[in-house]
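One structure is given below, encoded as structure tokens.
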Amino acid sequence: MNPEWNDSQPIYRQIRDRVVAMILDDLLKEGDPLPSVRNVAADSRVNPLTVLKAYQGLADEDLVEKRRGLGMFVKAGARDALLEAERRKFLTEQWPEIHATIQRLGLTQDLLNVAPYTRKGG
């Protein structure tokens, strides 16, 4: 995980969001173990309790499960649940502003189809 943090939200929340992105991008598949708390803490230079709080949040959301003595694993159906939730969040929180900008700038489907696409961070 990239150890760069922003000040806009707590680090445990950013760790949670990074794990969610890994699941959505299929880097973590159902049944895969999450990176160990110890490794994430060391790589990210954060307190292990911060990582544990992020992982516990994912467990509370029913996206991962703890297997005694083995660690945390991505639950079956987690990706589908995340896709549904992230789509709903995008359509209610981000799309209205994006749509308004498209309308304001008079961008047509043809212009959007030829617009350069560069994914942030990739």
Side-chain angles (χ1 to χ4, degrees):
M1 286 190 199
N2 185 345
E4 294 180 25
W5 307 112
N6 66 56
D7 295 332
S8 65
Q9 62 181 180
I11 290 174
Y12 80 88
R13 186 71 188 176
Q14 294 176 59
I15 292 170
R16 178 259 180 219
D17 290 347
R18 290 176 184 185
V19 172
V20 164
M22 292 170 72
I23 294 170
L24 288 172
D25 291 342
D26 242 3
L27 297 172
L28 281 175
K29 298 179 180 4
E30 296 174 353
D32 282 353
L34 298 187
S36 77
V37 169
R38 186 176 303 167
N39 285 345
V40 172
D43 292 347
S44 304
R45 295 184 212 119
V46 298
N47 188 312
L49 292 176
T50 301
V51 179
L52 198 56
K53 185 174 183 177
Y55 284 9
Q56 186 57 50
L58 291 164
D60 292 345
E61 293 178 60
D62 208 27
L63 299 171
V64 301
E65 61 186 350
K66 185 184 293 184
R67 296 182 189 165
R68 186 180 295 265
L70 298 174
M72 304 285 273
F73 292 79
V74 179
K75 288 185 73 171
R79 187 169 190 277
D80 290 340
L82 281 170
L83 279 173
E84 177 65 27
E86 291 298 316
R87 286 176 181 151
R88 189 173 36 248
K89 181 178 174 184
F90 172 78
L91 290 173
T92 58
E93 295 179 10
Q94 295 175 312
W95 178 245
E97 185 175 340
I98 292 169
H99 185 261
T101 301
I102 289 170
Q103 296 297 311
R104 188 177 319 109
L105 298 176
L107 296 172
T108 64
Q109 186 68 44
D110 290 339
L111 286 171
L112 293 171
N113 287 341
V114 297
Y117 170 75
T118 304
R119 186 175 182 168
K120 185 177 178 182

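The residues of the chain are indexed from 1 along the displayed sequence.
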task: Can you run down the salt bridge (charged side-chain N to carboxylate O under 4.0 Å, His left out) pairs that involve residues 91-104, sequence neighbours left out, and say none if there aren't any?
output: none
message: Under 4.5 Å between side-chain heavy atoms, counting indirect links through other Ile/Leu/Val/Met/Phe/Trp/Tyr residues: same cluster for Leu112 and Leu105 or not?
response: yes
- request: Is it possible for you to say whether Leu83 and Leu28 belong to one hydrophobic cluster, with membership spreading through side-chain heavy-atom contacts below 4.5 Å?
  value: yes
Any residue meeting side chain to side chain donor-acceptor pair (under 3.5 Å) with [X], in chain and number order, not counting sequence neighbours:
X	answer
Glu84	Arg88
Gln9	none
Asp7	none
Asp60	Gln56

Could you grab the distance from atom [atom1] of [X] to atom [atom2] of [Y], nearest 0.5 Å is fine?
X	Y	atom1	atom2	value
Leu58	Ile15	CG	CD1	10.0 Å
Met22	Lys29	CE	NZ	11.0 Å
Leu49	Leu52	CG	CG	6.5 Å
Trp5	Gln14	CH2	CD	6.0 Å
Asp17	Ile11	CG	CD1	13.0 Å
Glu30	Leu63	CD	CG	10.5 Å

Remaining members of hydrophobic cluster (4.5 Å side-chain criterion), Leu70: Phe73
message: Test question: given the 4.5 Å side-chain rule for I, L, V, M, F, W and Y, name all other residues clustered with Tyr12, or answer none.
response: none
Who are the salt bridge (Lys or Arg N to Asp or Glu O under 4.0 Å) partners of [X], not counting sequence neighbours?
X	result
Asp32	none
Glu86	none
Glu65	Arg67

message: For residues 91-110, which residue pairs pass the ring-ring contact (aromatic ring centres under 6.0 Å, His included) check, not counting sequence neighbours?
response: Trp95-His99
field: Any side-chain heavy-atom pair of Tyr55 and Pro35 under 4.5 Å
entry: yes
- request: Search all heavy atoms of Val74 against all heavy atoms of Val64 and return the closest pair with its distance.
  value: CA-CG1, 4.2 Å
- request: Using modelled atom types only, decide if a donor and an acceptor are shared between the side chain of Ser44 and the backbone of Ala41 within a distance under 3.5 Å.
  value: no
message: Suppose we screen for side-chain contact (heavy atoms from CB on, under 4.5 Å). Which residues come up paired with Gln94, at least two apart in sequence or across chains?
response: Phe90, Ile98
